[in-house]
Amino acid sequence: MGLLDFLRGSGASTPVRARQEPRLSAESGISAPDNAFQTGGPWISFPMGGPSKAGVMVNERTTMSLPAVMQALRILTGVFAMVPMYYCRKDGTGTHRLEGDPLYALMNERPNEAQSHYDFREILLGDVLMTGNFYAYVSRDALMRPSVLTRLDPFGCQPLQTFDRVSGQQMFYDATLPDGSTGRFPARDIWHVRGMGRNGLQGLNPIAFMKEAFGENLATASFVQNYWRNNAQPPTVLSTDKSIKPDERQAIKDDWKSRFSGVENAGETAVLSNGLKPIYMPVNNKDGQLVETRTMQVLDIARAWGVPPHLLFELSKATFGNIEQQSLEFVIYHLGPHFSRVAASAAHAFAASGCTFVHDPSDLVKGGFLDRAQGIAALRNGGVMSTDEGRAEFGLNPVGGDAGGEIWRPINMGVSGQPSPDPATGS
C-alpha cells in the first residue's frame, strides 16, 4: 500500500480506468467503425445516396442537376456569403467590433490564399446544405492564433469522440488533408460546422435522408426527357396477323427505334411491310397532371432547403402582396438559423473569453429608399442617431464636427421631474 492509498483510507476504492482513444480510421479507409458510441451510431453511417424507389440514382451530382435545387443552393449560399460576420467583444457598455484582431480579418477578408471570404463562406454553407457538415483545417501562427482556414472534403473527415468522467467528452477527427496525407487531429485543428443532427457529433445528410423525394424529381425529369427523345409520340405497338420469330421481332423493334425515335427523326414517313400496322397507345400528359406534378416537386425542394417558393421562381400561388413579407421571413427563419449556427461554431472554436461572432444582416432587411429615408429622419429628429450616423446608412461621407455628431433633443421632450429648459438660454 502506498502513501496515497494510506491517506485515502483502507476502504475499497473505484479502480481508475485508462482513457481509451478512438482507433484511427482515415488511413484504413473505414468511415463507420464498429464502436457505435465513438462514431455516433447509424445517424452518421447513413449512406450518401443510391437508387431510389423510383429507379433513379440519387447523389449529390444528380440532385444538383435539378434546376430548383441549383437555385435553392445559389440563393441560400450566395445571400449567406453576402452577410459579414464580425468578431466582437461584449461588455457593460455594449458590443464592440474588434476590427484590429486577426480573427476579424480571417473571417471577413482573407481566410486563405486560394479563396476570397465570399467564396469561402459560400462553400461553407454549401457543404452544410448538401452533406450536413463543413470541415476546415486550422493553420496557426507562431502565437498559436488561427491564421488560415482550408476547406476539407466532408467525406474525407470522420468525427470521433472519447469520454472520461473528469474532462467529459472530447472530439477527434480522422481527416484527409488536401495534400493527400491522413491523420488524427484534435478538435482545435479542425473547425467543424454541423448542420441539424441527432447525436451532437455530425449533421444529417439531407440527400441521404430525403432520397425518395429527390428521386421523384429526377424520375419525372427523366420521363420528360424520354418523352421528347421519342419524338413526343405515345408508345407504339406494331401488330400483324403473321407469325414472327423472336429474333425478327427484335430486328423490327430496333429498326423502328432507329428510324423514328428522337427529335432529329420528327416527321419521318413510315413504310411498313409484312402486314405490320401501328397502334398508338394513348398517353395524355394533361390528364396525368405532369405540369402540376413538376410544380409540386419544386415546392418539395423549397421545403427541403427552407426557401420561399418565389425565390425558386415558382409564382403560381404568389399574390405579389406578400412577397416582401416572405423575403423578410426568409432572412429571419431560414437564414437566421444558419447565421447562428456558424457564428456559434466559430465562437466555440476561436473566440476569446467575453468575445463572440455576430452576423449583420441589416442590408438584407432594408426597405425601399423612401421608407428608409423616413425612418432615418424619424430617428434623427427623435434624438436616436446623429447626422453622420444617418448619412452612413446611405454610404455618404460624414459631415464631421459638432454638426455631424450632435444628437438632437426635441423641444417638447424633457426629463421627468426636472424643469423644462429656457428656450432663450438653453438652460
Side-chain angles (χ1 to χ4, degrees), residues 26 29-32 39-40 42-81 114-115 118-137 150-159 173-178 180 190-198 201-225 294 297-307 311-312 334-335 337-338 341-342:
I30 300 174
S31 59
T39 62
W43 291 108
I44 65 172
S45 60
F46 199 99
M48 166 58 191
S52 67
K53 294 180 180 178
V56 296
M57 181 62 65
V58 179
N59 53 40
E60 182 173 321
R61 183 179 298 275
T62 58
T63 302
M64 291 188 67
S65 68
L66 297 170
V69 171
M70 181 65 75
Q71 172 61 13
L73 291 176
R74 185 162 48 222
I75 193 72
L76 282 168
T77 60
V79 175
F80 176 85
Q115 298 166 318
Y118 183 94
D119 296 333
F120 184 81
R121 291 163 58 79
E122 188 177 44
I123 194 64
L124 186 160
L125 188 61
D127 281 352
V128 171
L129 294 175
M130 294 299 289
T131 69
N133 299 274
F134 168 81
Y135 302 93
Y137 181 78
T150 304
R151 182 253 184 184
L152 302 179
D153 184 356
F155 298 107
C157 299
Q158 177 67 44
Y173 294 88
D174 290 349
T176 301
L177 302 184
I190 303 293
W191 182 27
H192 182 193
V193 181
R194 304 171 182 87
M196 187 194 76
R198 291 287 294 122
L201 303 180
Q202 196 170 22
L204 301 180
N205 188 318
I207 296 178
F209 279 87
M210 294 185 287
K211 178 176 66 177
E212 302 304 332
F214 291 125
E216 294 175 8
N217 282 263
L218 292 168
T220 303
S222 180
F223 169 83
V224 173
Q225 294 160 9
R294 303 201 74 182
Q297 289 171 343
V298 172
L299 296 178
D300 277 344
I301 292 175
R303 296 185 187 101
W305 301 121
V307 180
L311 294 179
L312 302 185
H334 303 299
L335 282 176
H338 295 304
R341 175 178 291 112
V342 174

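Quick note: numbers below take in every heavy atom, side chains included, and nothing from hydrogens, waters or symmetry partners.
- Classification of the Phe120-Trp191 ring pair by plane angle, with boundaries at 30° and 60°, yields parallel.
- Atom CE of residue Met210 and atom CD of residue Glu216 lie 12.5 Å apart, to the nearest 0.5 angstrom.
- Here the closest heavy-atom approach between residue Ile301 and residue Ala68 is recorded as CD1-CB, 3.6 Å.
- One side chain, Thr62 or Asn59, offers a donor N or O that lies under 3.5 Å from an acceptor on the other.
- Asp153 contributes atom CG, which lies 8.0 Å from atom CG of Asp127 (distance to the nearest 0.5 angstrom).
- Looking at Asn133 and Phe155, their side chains never come closer than 4.5 Å, going by heavy atoms from C-beta outward.
- Smallest separation of non-hydrogen atoms from Val307 and Ala72: CG2-CB, 4.1 Å.
- Residues Ser65 and Leu218 are in side-chain contact: their nearest non-hydrogen atoms beyond the backbone lie under 4.5 Å apart.
- Put simply, the side chain of Arg151 never gets that close to the backbone of Leu124: no donor and acceptor are under 3.5 Å apart.
- In summary, the aromatic rings of Tyr173 and His192 are positioned with their centroids under 6.0 Å apart.
- Both the sub-6.0 Å distance and the 45° axial angle are satisfied by Arg121 relative to the ring of Phe80.
- The backbone N or O of Met130 sits nowhere less than 3.5 Å from a side-chain atom of Glu60 that would complete a donor-acceptor pair.
- The backbone N or O of Gln158 lies less than 3.5 Å from no partner atom in the side chain of Asp174, so there is not a single donor-acceptor pair.
- Between the CG atom in Leu129 and the CD1 atom in Ile207 there is a gap of 10.0 Å [rounded to 0.5 Å].
- In terms of heavy atoms, Pro159 sits closest to Tyr135 at CD-OH, 3.6 Å.
- Pairing each heavy atom of Ile123 with each of Gln115, the nearest pair is CG2-NE2, 4.3 Å.
- Summarising the geometry, atom CD1 belonging to Ile75 is positioned 15.0 Å from atom CH2 belonging to Trp305; distances are rounded to the nearest 0.5 Å.
- Not a single donor-acceptor pair under 3.5 Å links the side chain of Arg341 to the backbone N or O of Val193.
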request  = Could you walk me through whether His338 and Leu125 pass the side chain to side chain contact (heavy atoms under 4.5 Å, CB included) test, one step at a time?
outcome  = CA-CA 8 Å; His338 295 304; Leu125 188 61; 3.6 Å; yes
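- Separating the CZ atom in Phe214 from the CG atom in Leu66 is a distance of 8.0 Å, to the nearest 0.5 Å.
- Minimum interatomic distance between Thr220 and Gln297 (heavy atoms only, all atoms of both residues): OG1-NE2, 2.7 Å.
- Side-chain atoms of Arg194 and Val128, non-hydrogen and from C-beta on, never get closer than 4.5 Å to each other.
- Summarising the geometry, atom CD1 belonging to Ile190 is positioned 6.0 Å from atom SG belonging to Cys157; distances are rounded to the nearest 0.5 Å.
- For the pair Gln71 (side chain) and Leu311 (backbone), a donor-acceptor distance under 3.5 Å is present.
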